[in-house]
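I have placed the structure first, in the form of structure tokens, so that the comments after it can refer back to it.
Computed over heavy atoms, backbone and side chain alike; hydrogens, waters and symmetry mates excluded. First listed ligand is number 1; within each ligand, the first listed atom is number 1.
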Amino acid sequence: MKKKLFIKTYGCQMNSYDTKRMEDILRPLGYESSETYEDADMVILNTCHIREKATDKVFSDLGRIRPHKIKKEKAGGQMLLAVAGCVAQAEGDVILSRARYVDMVFGPQTYHQLPEMVAKITGAYGAERIINTDFPVEEKFDHLPEENALEGPSAFLSIQEGCDKFCTFCVVPYTRGSEYSRPVEGVLAEARRLIAAGAKDITLLGQNVNAFHGEGSDGKTWGLGRLLQELNGWDGVERLRYTTSHPCDVQDDLITAHRDLEKVMPYLHLPVQSGSDKILKAMNRKHTAQSYLDVLSKFRDARPDIAFSSDFIIGFPGETDEDFEATMELVEKVGYGSAYSFKYSARPGTPAANMQNLVREDIKDSRLQQLQALLTQQALTINQSFIGKTVSVLFDRPHSLESNKLHGRTQYNQAVHVELPSAAPPRSLEGQVLDVTVTRAGQMALHGNIQTAQENAA
Ligand code: 5AD
Ligand code: SF4
């Protein structure tokens, strides 16, 4: 009998990847993905621990799901409730004692054991609660299912996990463990499956993806540049991206990949976090503002039209007005196409959580507002510079709100919305790369028209 599975994904693309793999693992057990949790047979919250708000959200969501679980059980059914991901890894005990109705708690490295966990809970042992927060990361990748379900032409492929950088604000080295690169053969086998299932646009994922050093079947260690070079030569795939990178792990062949490999997109997400050397040191980032800018210059020399993106943390302990100004200056110098900025929040167990000189919340708020205003202005200026130009767009899905429109992405990762040509059946253009003339641009997206076949041929 078919069972309904609802997975809620919080946080990063790594979690989205894990969610897909959990669905793949549970499918053979009869679980089918469902859009709602109300009458699901299994609910998994795939959680994120990176910032404070992400954790709070988990507990409020658990409270919302609980009455539905009780209702289902009163009616003689069962709703297995699981907390997975990084909150589970970091606070598994707390979840089990604070939310007694949760059945399973498992970290990001153990979801390949889901069939065993489900069997224990539902089988002869009954009513046992499970906590599973080991770190058998190698084993996990060895046990991923052979089938990858795809929704649309864009796919994630996890090649590296964990981090040894130990930035003082960050929980990743504790929740995802130390850095691990998958062997190349497994990565290529998964890429082959994704392409066979229709993937045209593959994003290689890792917490520190450019630290990738996978063992190749040629006995050599492959870096990210080498891997991109291999995939660039494959038929079927049209676009390659990777995220997230660290400025200190940029190898020369990654830079030349952007110059020489036509499928490697002219887009780079390279977080800097702050523009102040004092703060970068306190964050243990191991680079300065200038050495970061030097890395960007190398990418720009290799690929002049490359678009940059970054993460910023505002209000790290000890951040003065002067430090914040240094961040604003760095942003002015770079001119980002997009960026993510966050107020610092102390994460339990990280070195920064014990630091003094905390920045007042209202100061953080006003600095964040200033930074976001500048970043928004930059994104808008860059997007508007495309008006009247033709861009190459990979269409990946219908527009989320307007059914007569399609959503796609430029090579620079900008979202593009176009009206579906009247003759085209819905979804027929998904997976195609077409030229679009840009007519309008906002901060978040470009708008335009698909060029006709004659225009495309001209
Ligand atoms: N507080 C605020 N932002 C954080 N990030 C990571 N840890 C914290 C924290 N404690 C941000 C960083 C990172 C992104 C994924 O999340 O900018 O690059
Ligand atoms: Fe966290 Fe990234 Fe620093 Fe690693 S490099 S500790 S994942 S912020």
Arg347: numbered ligand 1 atoms lying under 4.0 Å from its heavy atoms: 10 (N)

Note: Lys286-Asp249 ion pair, threshold 4.0 Å (strictly below): no

Arg182 with Glu190: basic N within carboxylate O range, under 4.0 Å: yes

Ligand 1 versus Phe342: contacting region, heavy-atom distance under 4.0 Å: side chain

Protein contact of atom 6 (C) of ligand 1 - nearest heavy atom, named by residue and atom, plus distance: Ile50 CG1, 3.4 Å

Intermediate values then yes/no, ring-ring contact (aromatic ring centres under 6.0 Å, His included), Tyr174 and His49: CA-CA 10 Å; Tyr174 312 98; His49 201 236; 9.9 Å; no

Residues that Lys364 engages under salt bridge (charged side-chain N to carboxylate O under 4.0 Å, His left out), provided they are two or more places apart: Glu361

Asp305 vs Arg300, salt bridge (charged side-chain N to carboxylate O under 4.0 Å, His left out): CA-CA, chis, key distance, verdict: CA-CA 7 Å; Asp305 61 339; Arg300 221 169 232 161; over 6 Å; no

Ile313 N/O to ligand 1 N/O under 3.5 Å: no

Subset of ligand 1 atoms that lie under 4.0 Å from at least one heavy atom of Lys343: 1 (N), 2 (C)

N or O contact, Asp311 vs ligand 1, cut-off under 3.5 Å: yes

Ligand 1 atoms in contact with Gln273 (distance to a heavy atom under 4.0 Å): 12 (C), 13 (C), 17 (O), 18 (O)

Heteroatoms of the protein, restricted to N/O/S, which lie under 2.8 Å from atom 3 (Fe) of ligand 2: Cys167 SG

Ring geometry between Phe169 and Phe316 (parallel below 30°, tilted from 30 to 60°, perpendicular above 60°): perpendicular

His258/Phe299 aromatic ring centres below 6.0 Å: yes

Close aromatic pair by centroid cut-off 6.0 Å: Tyr344 and Phe312: no

is_close_aromatic(His269, Tyr340), centroid dist under 6.0 Å: yes

Short N or O distance, Ser345 and ligand 1, threshold 3.5 Å exclusive: yes

Ionic contact status for Arg51 with Asp56, cut-off 4.0 Å: no

Nearest non-hydrogen protein atom, atom 16 (O) of ligand 1: Arg51 NH1, 2.7 Å

Any side-chain donor near an acceptor of the partner, Asp61 and Tyr10, under 3.5 Å: yes

Atom 7 (N) of ligand 1: the protein heavy-atom neighbour that sits closest, reported with distance to 0.1 Å: Phe169 CD1, 3.3 Å

